[in-house]
Amino acid sequence: MKIMFKKSPSLAQAEDRTSRVRLAQLSAGYPGRPVLHQLDAEIPALATTALVGPNGSGKSTLLGVLAGVIRPTSGELHHAGNRPPAFVPQRGAVGDALPLTVRQTVEMGRWGERGPWRRLTRQDRATVDTALERLGIADLATRQLGELSGGQRQRALIAQGLAQESDLLLLDEPTTGLDPEARERIGALLTELVADGVTVVQATHDLEAARSADACLLLRDGRLAGQGDPEQLLTASTLARIWQPA
Ligand code: ADP
């Protein structure tokens, strides 16, 4: 099934866009394990960018670098924004057994400002309410995460990201494993967030989601194999080349 997502309206000016993040000759990895090698790349501001590449190509590591949790070993990372990024982890990384309600999950998005377990202010609670409503899950606020469908849980995690009120939202595989309707809903939502002033970056295996992004970074073995308009970049021949064993 082909899923259509609306592109952000200002796509036509993509070339004129300023960058929200710029990487210059950036290398990064884990102790004793270099992963990303000399990346020169740009994340356009107020657009959706898809990070695409085979398993192990470095998508999650790049998200970690953009989130500021993995330090580059060399090269430069320039952020044009002044708020810390919001990182939405993979759904699988969030334990189903945790007895957290949807509201508690979203409230954790305010901890960066308030500190864990501190009393939230009235303004914090209003921000949480707005995020719940924005994601259409206000009626699920008292439900436990573990009782929800994959799509609903993903929306709770995105709401947690939104509650951080960042202008840069980083998501790791937000549509993987969801049914087509839930994928479409998440995709449409991410596009809408751009209109609200958010720059969205998602690592994804979902080529339909990637094609509907405004921009794409293609990774292979920790190196940049291409960047630009996903429709032009994600051709059958490029994908065959990228997915071939190195
Ligand atoms: P992708 O998201 O594209 O699947 P990753 O960024 O997760 O790729 O992984 C890239 C490489 O980094 C893989 O070879 C993986 O084994 C390695 N890697 C990922 N996380 C760690 C870690 N915490 N410590 C050491 N190596 C890691």
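Both counts, for ligands and for their atoms, begin at 1 and track the order of listing. Just so it is clear, the values below take in all heavy atoms, side chains as well, and ignore hydrogens, waters and symmetry mates. Sequence positions, counted from 1, serve as the residue numbers for this chain.
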Any side-chain heavy-atom pair from Arg155 and Arg185 closer than 4.5 angstrom?
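Arg155 vs Arg185: side chains touch.
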Looking at side-chain heavy atoms only, is the closest gap between Ile158 and Leu171 below 4.5 Å?
yes
Salt-bridge test for Arg134 and Asp129: reply yes if a basic N is under 4.0 Å from a carboxylate O, no otherwise.
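No, Arg134 and Asp129 are not salt-bridged.
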Are Asp40 and Arg22 ion-paired here, with the side-chain N under 4.0 Å from a carboxylate O?
no
Where do Asp139 and Gly136 come nearest, in terms of heavy atoms and distance?
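Closest approach of Asp139 to Gly136, heavy atoms only: OD1-O, 3.8 Å.
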If you measure only the distance, is there a donor-acceptor pair under 3.5 Å linking the side chains of Thr121 and Asp124?
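Thr121 vs Asp124: donor-acceptor pair found between side chains.
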Let me know which protein residues bring a heavy atom to under 4.0 Å of ligand 1; chain then number is fine for ordering.
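Within the 4.0 Å shell of ligand 1, which is judged on heavy atoms, sit Tyr30, Arg33, Val35, Pro54, Asn55, Gly56, Ser57, Gly58, Lys59, Ser60, Thr61.
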